[in-house]
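This chain uses plain numbering: 1 for the first residue, then up along the sequence. When reading the values below, keep in mind they use all heavy atoms of this one structure, side chains included, and skip hydrogens, waters and symmetry mates.
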Amino acid sequence: MLTFLRVGYILWVALRYRLDEMVLSGLQHPWAHALLRVVCLGRRPHRPRGERLRLALETLGPIYVKFGQVLSTRRDLVPTDIADELALLQDRVPPFPSDQAAAIIEESLGAPPQTLFAEFERDPVASASIAQVHFAVLHDGREVAVKVLRPAMREAIERDLTLLRALAGLVERLVPDGRRLKPREVVAEFDKYLHDELDLIREAANCSQLRRNFGPDTGRADLLLVPEVVWEFCASQVFTMQRMRGVPVSRVAQLRELGVDIPRLARQGVEIFFMQVFTDGFFHADMHPGNIYVSDDPETLGRYIALDFGIVGSLSEFDKNYLAQNFLAFFRRDYRRVAQLHIESGWVPSTTREEELEGAVRAVCEPYFDRPLAEISLGQVLLRLFQTSRRFSVEIQPQLVLLQKTLLNVEGMGRELDPNLDLWQTAKPFLEKWMHQRVGLRGLRQRLDQEASQWAQILPQIPRLAYTRLNHPDPGPAMRSELERLRRAQEGANRLLMVLCGILAVGLGVAVWALTRGGWV
């Protein structure tokens with residue numbers, strides 16, 4: 001019942017902000033235009049379509065705001081006026097009252113903000129779909145940013161997730177490709193990440209891990225700046241971190257005025273993404289422009305700054321190796337290897353003809369190579385690959401949905417920074433180097449170093465274990481004798497069962513004959 005009420009509310013919001021007019025006006029069909037004239041009844045919307053869509057998403061709640069944030073980075077798929085308006089959702093969602101924020105801080109940390117901090121700005125500096133941020137100064141003089149979770153967020157998200165689960169079940173049952181797309185598993189994955197984002201202690205831990213991955217001893221500190229966590233002022237609803245100063249990555253003109261090398265910045269963004277995915281297996285998975293800044297400090301000018309660590313992704317060694325081989329095969333135009341990898345991994349049925357899958361992948365990807373990023377839409381490539389996958393019954397992998405979404409965000413930011421960035425050529429050298437380190441002598445040495453501590457405990461035990469095993473009587477003859485005994489017993493039981501079935505059949509036959517004889521008499 002609640003689900004039906006929620007559907008009714010969504011339809012009411014859509015009609016209130018005249019989203020029906022947006023949909024029908026975009027359809028090139030006579031029936032759509034006729035229906036548009038009927039539903040409009042001579043009324044025209046008073047606000048631009050982008051503003052109406054933004055307000056509708058804000059009204060519907062955090063999940064829909066997240067959807068709008070992703071759309072705002074896809075200017076190749078979304079009209080400019082809509083993308084500009086949706087970009088406001090990245091850090092300009094209407095804030096909740098500051099008194100509520102102060103009450104949440106006091107409840108979580110045991111004291112009001114005026115006591116905990118030397119200075120606390122009551123007006124939030126940024127407000128997003130899940131939380132809002134206030135600047136503050138600690139008593140020791142450190143400047144910090146205090147992130148406070150929105151009130152009643154868990155209830156709002158559970159309500160929308162219930163609807164998504166119901167829709168996923170309908171898709172799986174009614175849509176021909178529903179079972180292959182695994183919609184319920186995808187929603188479950190989305191559910192997990194949203195609930196992770198509601199726990200700010202988990203977000204603080206993610207921030208700490210990412211900072212460690214790009215620390216001074218990693219040789220990557222000049223690529224990405226990550227704030228330091230102030231753990232004594234963190235709780236499940238409050239996250240306090242070092243204040244970072246920079247310019248949003250979407251303000252390209254301002255970055256140029258500061259002297260930032262924009263093409264280099266675009267290349268480094270792609271490299272940072274692939275480094276997180278394939279080297280660390282731990283990546284920032286909410287990389288829209290509202291969460292990515294560029295330092296304007298003279299000492300760190302041009303370095304990326306990562307913010308908002310509520311959603312991160314992680315990959316197993318198998319996933320990393322499989323994805324890296326796929327990317328490299330694409331970059332080298334080795335479509336036969338792509339087909340082999342899909343069959344070996346079980347993504348397509350083992351009966352799939354390798355040459356047919358190879359030809360289908362080639363037809364999708366070949367037209368997009370040797371073009372600048374301005375002429376390539378990864379969204380269109382993925383869409384065509386998806387359409388092709390239906391022919392070969394490719395199964396969607398839910399654990400990779402987050403990675404696909406992040407890759408689209410990275411492409412959107414790269415397009416804004418440098419339309420001539422060649423995504424393929426930027427990523428290919430990194431992946432080749434990464435694969436060489438894994439399969440070469442250097443990779444072997446690294447893996448031996450990782451396993452050394454475990455082998456140091458096992459190796460001294462090997463002589464004793466070998467001696468014990470050699471002195472132990474061979475169980476083979478006894479096992480064979482026991483198996484032979486069991487086989488003879490089974491055969492005897494089968495013969496007895498056949499005899500009993502025969503006797504039963506004869507008895508039934510006699511009974512039937514006696515009954516029929518009595519009937520004739």
Taking [Y]'s backbone N and O only, do any of them form a donor-acceptor pair with [X]'s side chain (distance below 3.5 Å, no angle check)?
X: Gln242; Y: Pro227; answer: no
X: His139; Y: Gly141; answer: no
X: Thr218; Y: Gly215; answer: yes
X: Tyr304; Y: Ile272; answer: no
X: Asp286; Y: Ile311; answer: no
X: Ser295; Y: Arg303; answer: no
X: Ser108; Y: Ile104; answer: yes
X: Asn206; Y: Phe309; answer: yes
X: Gln276; Y: His284; answer: yes

So, are [X] and [Y] salt-bridged, with charged N and O less than 4.0 Å apart?
X: Arg49; Y: Glu85; answer: no
X: Glu232; Y: Arg142; answer: yes
X: Glu271; Y: Arg267; answer: no

With a 4.5 Å cut-off on side-chain heavy atoms, are [Y] and [X] touching?
X: Phe283; Y: Leu315; answer: yes
X: Leu225; Y: Thr300; answer: yes
X: Pro124; Y: Ser98; answer: yes

**OP:** Establish, yes or no, whether a centroid distance under 6.0 Å links the rings of Phe120 and Phe135.
**Re:**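 No, they do not, as the ring centres are separated by 6.0 Å or more.
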
**OP:** Taking side chain to side chain donor-acceptor pair (under 3.5 Å) as the test, write out the residues that go with Glu119, two or more places apart.
**Re:**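 Glu119 satisfies side chain to side chain donor-acceptor pair (under 3.5 Å) with no other residue.
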
**OP:** With sequence neighbours left out, write down each residue that passes side chain to side chain donor-acceptor pair (under 3.5 Å) with His134, or none if nothing qualifies.
**Re:**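 With sequence neighbours excluded, His134 shows a side chain to side chain donor-acceptor pair (under 3.5 Å) to Gln132, given in chain and number order.
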
Original post:
Can you list the steps and then say if Phe233 with Phe117 is a ring-ring contact (aromatic ring centres under 6.0 Å, His included)?
Top reply: CA-CA 10 Å; Phe233 296 104; Phe117 306 101; 5.4 Å; yes

Original post:
With sequence neighbours left out, which residue pairs that include part of residues 201-227 fulfil the salt bridge (Lys or Arg N to Asp or Glu O under 4.0 Å) condition?
Top reply: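 Passing the test, one end in residues 201-227: Lys147-Glu203, Asp196-Arg202, Arg220-Asp280.
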
Original post:
How many angstroms lie between atom CD1 of Ile305 and atom CG of Asn291, to the nearest 0.5 angstrom?
Top reply: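 Separation between the atoms: 12.5 Å.
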
Subject >> side-chain hydrogen bond (donor to acceptor under 3.5 Å, both in side chains) evaluation trace for Tyr335 with Glu366 >> reply: CA-CA 10 Å; Tyr335 305 116; Glu366 194 64 25; 2.5 Å; yes

